[in-house]
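Attaching a single structure in structure tokens format; questions to follow.
In what follows, chains carry the letters A, B, and so on, assigned in the order in which the sequence lines appear, proteins first and then strands, with residues in each chain numbered from 1.
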There are 2 protein chains.
Amino acid sequence: MLSHGRIWEAIDRLAADNNLSASGLARKAGLDPTTFNRSKRVAADGRERWPSTESLSKILVATGTEIGDFLGILDVHRGFGEPAAASFRGVPLLGLAQAGAGGFFDDAGFPAGRGWEEVEFPGRGENVFALQVSGDSMMPLYRAGDTIIVARDARVNRGDRVVVKTRDGEVMAKVVQRKTLKLVELASLNPAHPVRSVAVAEIEWMGRILWASQ
Amino acid sequence: MLSHGRIWEAIDRLAADNNLSASGLARKAGLDPTTFNRSKRVAADGRERWPSTESLSKILVATGTEIGDFLGILDVHRGFGEPAAASFRGVPLLGLAQAGAGGFFDDAGFPAGRGWEEVEFPGRGENVFALQVSGDSMMPLYRAGDTIIVARDARVNRGDRVVVKTRDGEVMAKVVQRKTLKLVELASLNPAHPVRSVAVAEIEWMGRILWASQ
DNA sequence: GTCGGAAGAGGTATTTATTCCTGTTCGACC
DNA sequence: GGTCGAACAGGAATAAATACCTCTTCCGAC
């Protein structure tokens, strides 16, 4: 299975793994920086754009990455003291609106047919754990008892939902609003609460929230 | 490493493994039979031609081949997007407030010590798939582009968030408010929208939402 | 708040892969 | 040997990806 979505995901992940944006990765590989623009992955008429094998080859060479790693294929014969890959499993993925049309489920109700892509759940990465919410200060997003999956020390961008643990022991779930070398501005998940600035030096660790239970 | 030569070799081998010629393989995949002609792999000026990722995808689908096998990467991949059990590691679970106290992470920042439980994820045999949200009618819970993990035909209780597909093709994410033998009352995730009653006979399938991406 | 570079959307031009087509070769079958 | 369909080479047309370009927005440094 080599799906459109899987390839683009792999490109985005490769960029992230190298602390690059998609345009930065393209640039690094000698390609035009707009080559992997999100806006160009699906044409206006809905047709999917498939990055060329030549472009893929170039980004792999530029980042020193094996194709197997790029595609998230485990190679048990490599056996080179690699730690177990993080917890993940591929889950078939389809657009919500698409699910209304026929042809996506077999007679037993399982995903079938063309159109299904794959999403990794709960995520790939070495330090992924779950935290259980208490209290209702994060309603309506997170109710008491909800579980959130957190990738600690993952790359975090503006707008990301994160868990932050400060040096004095406070743990909070917030949205990154702004990030500089010294300060992080954290907006509350509950708009009733004010934006809060935290010194980076005060932060013991930060993890990006990947999933929330429902 | 993904080289021109490696890809073409893989195509030829895939054809041979399926008792096909390169032109037969192309034909089988719905491509023009001349697509993989040897004569077209290197242009007259010496420039190498790289088959497109879309063409590769098509031949993999047509022959039921995994990309790892195609590229000669040993892969213990099994079934529909399932990695081998060995690579699936449980995700440790802790209370959010507890995470503020010491003793739950080791020096490298990984979960350690007592108090960690384990999150339960859907079992292998369950019919679990992901749907990608479009539009913003489900804000603030689900933004456009968010992915929700759905267990189709799972047991559903009052208060559960569900995806419902009706017989006339509508797909919607709602909260079960009341459920009788004949009727299901579905509250919207966006409180601005009214509660809706749907006859059970009108529902093609219902799936409980397990997780939402963040 | 200002500034400058990166990121990204969107449009056009150029390049490149596939498709369409024609003709030749090859191999199986009669 | 003749016939037929598949395989293959090669050229032109078409479709699709990248390159180039412009503009706007974002983001981090100061």
Is it the case that B:Tyr142 and A:Gln214 place a side-chain donor and acceptor less than 3.5 Å from each other?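 Their side chains do contain a donor-acceptor pair, which is all the 3.5 Å distance test asks for.
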
What integer distance in Å separates B:Glu54:CD from D:dA15:P?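 One finds 14 Å between P of D:dA15 and CD of B:Glu54, rounded.
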
Among the candidates C:dT19, C:dA9, C:dA7, find the nucleotide nearest to the side-chain atoms of A:Thr34.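 Taking heavy atoms from C-beta onward, the closest nucleotide is C:dA9.
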
Does OP1 or OP2 of C:dT19 have a side-chain N or O of B:Thr35 closer than 4.0 Å?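 For B:Thr35, the contact criterion (side-chain N or O under 4.0 Å from OP1 or OP2 of C:dT19) is met.
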
What's B:Ser55 touching, base or sugar-phosphate or nothing? Going by heavy atoms closer than 4.0 Å.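 The residue B:Ser55 makes sugar-phosphate contact but no base contact.
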
It should be established whether B:Arg47 places a side-chain nitrogen or oxygen under 4.0 Å from OP1 or OP2 of nucleotide C:dT16.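 Affirmative; the distance criterion is met.
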
What is the distance from CG of B:Asp32 to P of D:dA16, rounded to the nearest Å?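 About 14 Å, once rounded to whole Å.
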
Taking the side chain as every heavy atom from C-beta outward, state whether B:Thr166 and B:Met172 have any atom pair closer than 4.5 Å.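 They are in side-chain contact.
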
Are the side chains of B:Leu31 and B:Ile59 in touch, meaning some heavy atoms are under 4.5 Å apart?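 Yes; the side chains approach each other to less than 4.5 Å.
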
Any donor-acceptor pair, under 3.5 Å, between the side chain of B:Ser21 and the base of D:dC8, if you only look at N and O atoms?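 Side chain to base: no pair below 3.5 Å.
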
Nearest heavy atom decides the nucleotide; on that basis, is B:Pro33 or A:Lys40 closer to the 5' end of DNA chain D?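 Nearest nucleotide further toward 5': that of B:Pro33.
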
Are A:Ile148 and A:Trp211 side-chain neighbours, meaning at least one heavy-atom pair lies under 4.5 Å?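 No. Closest side-chain heavy atoms not under 4.5 Å.
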
For C:dA7 and A:Arg38 - does any side-chain N or O of the residue sit under 4.0 Å from the phosphate oxygens OP1/OP2?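 No.
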
Expressed in angstrom and rounded to an integer, what is the separation of A:Leu56 atom CG from C:dA17 atom P?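 After rounding, the reported distance stands at 13 Å.
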
For atom CZ of B:Phe36 and atom C1' of D:dA6, their distance in whole Å: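 Rounded to whole Å, this separation is 17 Å.
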
Starting at atom CG of A:Asn37, determine the distance to atom P of D:dA17, rounded to an integer number of angstrom.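 It is 15 Å, rounded to the nearest whole Å.
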
Report the distance from atom NZ of B:Lys58 to atom C1' of C:dA17, rounded to the nearest whole Å.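 For the pair B:Lys58 NZ and C:dA17 C1', the rounded distance is 12 Å.
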
Separation of A:Trp50 atom CH2 from D:dA16 atom P, in whole Å?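 Value for this atom pair: 13 Å.
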
What does the B/S/- profile of nucleotides 25-30 of chain D look like, 5' to 3', with a 4.0 Å heavy-atom cutoff to protein? --SSS-

Minimum-distance nucleotide (side-chain atoms of A:Ser39 versus C:dG10, C:dA7, D:dG10):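 Looking only at side-chain atoms, A:Ser39 lies closest to C:dG10.
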
Ring centres under 6.0 angstrom apart (A:Phe129, B:Phe105):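 Here the rings of B:Phe105 and A:Phe129 have centres that are less than 6.0 Å from each other.
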
From the set D:dA9, C:dA7, D:dA19, return the single nucleotide nearest to any side-chain atom of A:Leu31.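 Output: D:dA19.
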
Basic-acidic side-chain contact under 4.0 Å: B:Glu204, B:Lys165: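 Result for this pair is yes, salt bridge flagged.
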
What is the distance, rounded to the nearest whole Å, between atom CG of A:Asn19 and atom P of C:dA6?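 Rounded to the whole Å, the gap is 16 Å.
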
So, taking the atom named CG in A:Asp168 and the one named CD in A:Glu202, what distance separates them when rounded to the nearest 0.5 Å?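 One gets 6.5 Å once the value is rounded to the nearest 0.5 Å.
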
